[in-house]
Number of protein chains: 2
Amino acid sequence: MNDLKLEDIAKLAGVSRSTVSRVVNASPNVGAATRKRVEKIIQNTGYHPNAAARSLASQRTNMIGLVIPRTTSAFFTDPYFPHLTQGVAFACNNHHMTLSLFLVGNQEDENEITPRLLRRGMLDGILLQSGNSDDMLFRRLISSQVPLLVLGRPFEEKSVNYIDVDNISAAKSAVSHLLKLGYQRIGMITGAIRSTTSVDRQTGFEQAMAEAGREIDPSLIVEGDFSENSGYVAMKKLLAFTPDAIFAQSDVMAIGAMRAVQEAGFEIPKDIAFVGFDDLPIASTLPIKLTTVHQPITHFGIKAVDLLIDMIEKGTKPAKRMILDTELIIRDTCGGKSVSRPTDQGAEMEGSALNALIQTGGAIHH
Amino acid sequence: MNDLKLEDIAKLAGVSRSTVSRVVNASPNVGAATRKRVEKIIQNTGYHPNAAARSLASQRTNMIGLVIPRTTSAFFTDPYFPHLTQGVAFACNNHHMTLSLFLVGNQEDENEITPRLLRRGMLDGILLQSGNSDDMLFRRLISSQVPLLVLGRPFEEKSVNYIDVDNISAAKSAVSHLLKLGYQRIGMITGAIRSTTSVDRQTGFEQAMAEAGREIDPSLIVEGDFSENSGYVAMKKLLAFTPDAIFAQSDVMAIGAMRAVQEAGFEIPKDIAFVGFDDLPIASTLPIKLTTVHQPITHFGIKAVDLLIDMIEKGTKPAKRMILDTELIIRDTCGGKSVSRPTDQGAEMEGSALNALIQTGGAIHH
DNA sequence: AATTTCTTTGGGAGCGCTCTCAAAAGTTAT
DNA sequence: ATAACTTTTGAGAGCGCTCCCAAAGAAATT
């Protein structure tokens, strides 16, 4: 529509560039009449300040980056990330920030993306999904200048800012619940063992067992990778060792595992009980509703942005930490009686286990 | 690590700012020795050019925006969008572009986001998910300067650049297949009827019926909104009218509908056959594998970025159009024997081979 | 009426790059 | 050796804004 600059508006309004700048930036030190006049002209001309010029002069871009490293990029097969992204995007809007998304697909991508991340005048801050310990990208970002907040506890947490949920006590409460219900042979399907998430949930499992004075049977712990299929495969292995309850480190794996259990002709929770982790929307619409640890994924994303922006504005020293709480949601797969939260709607819906990966809810698109 | 600027590097290398700039931008007009020397210093100092300054001077930001309007923002409940985003992100990396994601949650967001989108010096181009016809955001973007590519045919297509799949012939082939198999009472579950996607798929349905000389029974067409639950609800209505086959306009709705059918005690495909649309990965891992129209979602995102960048570089006149092909993937829910099109080489693939194709998220064949 | 204080405005100096143009240096041809 | 190119380098003028500082004007104080 136009290529006007501040100067042009100034001329049109008969004021100086500075004054127009003040109006645009809502500075209080402008006379009411002048402000009105300038605003009107801006309105009429459809003037929009140039973002690059503004960033250069102010040393602020109002952009933050969300980086999903290569080691985590089974990304879009897991509903976790869309939910997270949504939270992050939402919070960015609230803060008038623009969100840039960096999906690192492979090593090549990483080489290509890293310099863009490090470039000054690009991002005010970075949200980095925690990945493996040997993540090169991780190291380079840590040692850079940009305010950086890691999503999920990193392996080397020394002086790095991160936000996480309390995976240990969350897992502990899940397993303790199974113990309380009297299950004797409790198995676990882990996530990708190179993630702290998985390590911490395993620690919680061990703590719960120890507190109950139970021995851990190593054959009842099988490694998964957070995917539905890995849950299915893991469960097939586990069946040979006759568990009576399973703690799956993610809902998606729980769903895969339950599929294996049902195919084998067992009943849930009568023969084998289940507790998952995440509390994805689907958990409450399964035919046998999944008992699981609720973690506030979208909220997690929002909190992360809030914290990052705080860091940007107030500096990152000392290292920032934020740990969010989780909540065990008891439904049907763990046996015992169902104590569902009143907020759980959709609990009426029945569904085949194979709806598993699909979430319900109004989708309008394509 | 440092706050060096071009000037500093120049001083260190004993050359001028211009020369360093040439090295950084890989200009050919630099002496080999000079280049080497400068490169080494850049390497050692860890210098990275300032993005804002560069954008301001060059009038190029190397950023593109992906905008999901409000009318479409049940976004992250539908696997379609993560797949699309992945494709877009992938292509951006290839083009050394940064992707900014704009999720418009509500009217407030829209007001907040619009100016950011319109601001010059921010985005080189915009990818806009097609929404409703009365979308204010749509209008404002159309009438702005930024190169704009709409994902999905918009209602007013006059002089707007868009990319889409051939929904009409895709739907037609799906329905023709059911007709060929001899089904007599073919029903349809539509998507959100205010989207062109849904309208086009309905047109395809009608064309197939017309070509076969069939009357359309309006009671066999029920409106959904692309969500799993809407498929379930729609199917409950449809059951009263005894259809023997259903064309669902999305896989997710097909899954919901099949859930309803099974609950009612019918068998698939014996009592009621199904064809879906999308070919999400889950379609091939269902207990009864879903016959569906494959649309290359991720690939669609890639093509979109390619086209947009082409527009940015070469201008947008005349209006650009790109229509991608789809492919009917015959599996188990449609009954009958696999009738493959002679030209389809994918039709040879069964089960796991097909899965492989789908899991790669790719089917890169156009 | 003169002085002080506060508010409103304008001017100028960058922010760190790109890009054109001309000068300098190096090549080849005459 | 000189002329005529070609390649390599440097200088300067922006890109469009912010932000500090000082000037001007208005209001309040003496």
Side-chain angles (χ1 to χ4, degrees), chain A residues 1-39 41-42 45-63 115-116 118-124 145, chain B residues 1-39 41-42 45-63 115-116 118-124 145:
Chain A
M1 190 117 61
N2 57 67
D3 275 358
L4 297 171
K5 42 175 141 173
L6 214 49
E7 195 85 44
D8 301 320
I9 303 298
K11 215 159 286 167
L12 287 172
V15 294
S16 75
R17 209 178 46 231
S18 304
T19 299
V20 179
S21 174
R22 288 188 190 96
V23 172
V24 169
N25 295 295
S27 153
N29 309 309
V30 183
T34 315
R35 156 163 292 127
K36 196 141 239 164
R37 184 153 37 93
V38 173
E39 271 171 353
I41 290 178
I42 290 178
T45 55
Y47 166 78
H48 287 283
N50 181 298
R54 183 181 268 195
S55 297
L56 179 58
S58 68
Q59 304 290 55
R60 259 279 221 151
T61 61
N62 290 311
M63 296 211 304
R116 292 213 315 263
L118 265 22
R119 225 187 277 307
R120 286 149 311 123
M122 180 79 185
L123 262 17
D124 283 343
Q145 298 284 51
Chain B
M1 187 115 64
N2 58 67
D3 273 358
L4 296 171
K5 40 174 139 172
L6 213 49
E7 194 85 44
D8 301 319
I9 303 296
K11 217 159 285 169
L12 288 172
V15 295
S16 75
R17 209 178 48 230
S18 306
T19 299
V20 179
S21 174
R22 287 188 190 97
V23 172
V24 169
N25 294 297
S27 155
N29 309 311
V30 183
T34 314
R35 157 164 291 129
K36 198 140 239 168
R37 185 153 38 93
V38 173
E39 271 171 352
I41 290 177
I42 291 177
T45 55
Y47 166 78
H48 286 282
N50 182 298
R54 182 181 270 196
S55 296
L56 178 59
S58 67
Q59 305 290 53
R60 258 279 222 152
T61 61
N62 291 310
M63 297 212 302
R116 293 213 314 264
L118 265 23
R119 225 189 276 307
R120 284 150 311 125
M122 178 83 184
L123 262 16
D124 283 344
Q145 298 284 50

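Proteins come first, then strands; the chains are lettered A, B, ... in the order of their sequence lines, and each starts at number 1.
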Heavy-atom closest pair, residues Tyr47(B) and Val24(B):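 The pair with the smallest heavy-atom distance is CE2-CG2, 4.2 Å.
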Smallest separation among heavy atoms of Arg35(A) and Ala26(A), with atom names: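 That would be NH2-C, 4.3 Å.
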Any Ser21(B) side-chain heavy atom under 4.5 Å of Asn25(B) side chain: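 Yes; the side chains approach each other to less than 4.5 Å.
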Any side-chain heavy-atom pair of Met63(B) and Met63(A) under 4.5 Å: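 With C-beta onward as the side chain, the pair touches.
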Whole angstrom value for the distance that separates [atom2] of [N] from [atom1] of [X]:
{"X": "Arg17(B)", "N": "dG10(D)", "atom1": "CZ", "atom2": "P", "value": "11 Å"}
{"X": "Leu56(A)", "N": "dG14(D)", "atom1": "CG", "atom2": "P", "value": "17 Å"}
{"X": "Glu7(A)", "N": "dT18(D)", "atom1": "CD", "atom2": "P", "value": "13 Å"}
{"X": "Leu6(B)", "N": "dG12(D)", "atom1": "CG", "atom2": "C1'", "value": "15 Å"}
{"X": "Gln59(A)", "N": "dT18(D)", "atom1": "CD", "atom2": "P", "value": "13 Å"}

When you measure from the side chain of [X] to the backbone of [Y], do you find a donor-acceptor pair of N or O atoms at a distance under 3.5 Å?
{"X": "Asp124(B)", "Y": "Asn62(B)", "value": "yes"}
{"X": "Thr19(A)", "Y": "Val15(A)", "value": "no"}
{"X": "Thr45(B)", "Y": "Ile41(B)", "value": "yes"}
{"X": "Thr61(B)", "Y": "Ser55(B)", "value": "no"}
{"X": "Ser58(B)", "Y": "Arg54(B)", "value": "yes"}
{"X": "Arg120(A)", "Y": "Pro49(B)", "value": "no"}

Interface limits on DNA chain C, where chain A has a heavy atom under 4.0 Å of a nucleotide atom: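 Counting from the 5' end, contacts occupy dT8(C) to dC17(C).
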Heteroatom pairs (N/O) under 3.5 angstrom, protein to nucleotides 7-9 of chain D:
residue: dT9(D); atom: OP1; partner: Thr34(B); partner atom: OG1; Å: 2.3
residue: dT9(D); atom: OP2; partner: Gly31(B); partner atom: N; Å: 2.7

Separation between CG of Asn50(A) and CG of Leu6(A), rounded to the nearest 0.5 Å: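 The CG atom of Asn50(A) sits 10.5 Å away from the CG atom of Leu6(A).
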Inter-axis angle, terminal five-pair segments of the helix from dA1(C)-dT30(D) to dT30(C)-dA1(D) [nearest 10°]: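 Here the local axes at opposite ends form an angle of 40°.
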Closest-nucleotide ordering on DNA chain D, the 5'-leading residue of Ala53(B) and Ser58(A):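 Mapping each residue to its closest nucleotide by heavy atoms, the 5'-most match is Ala53(B).
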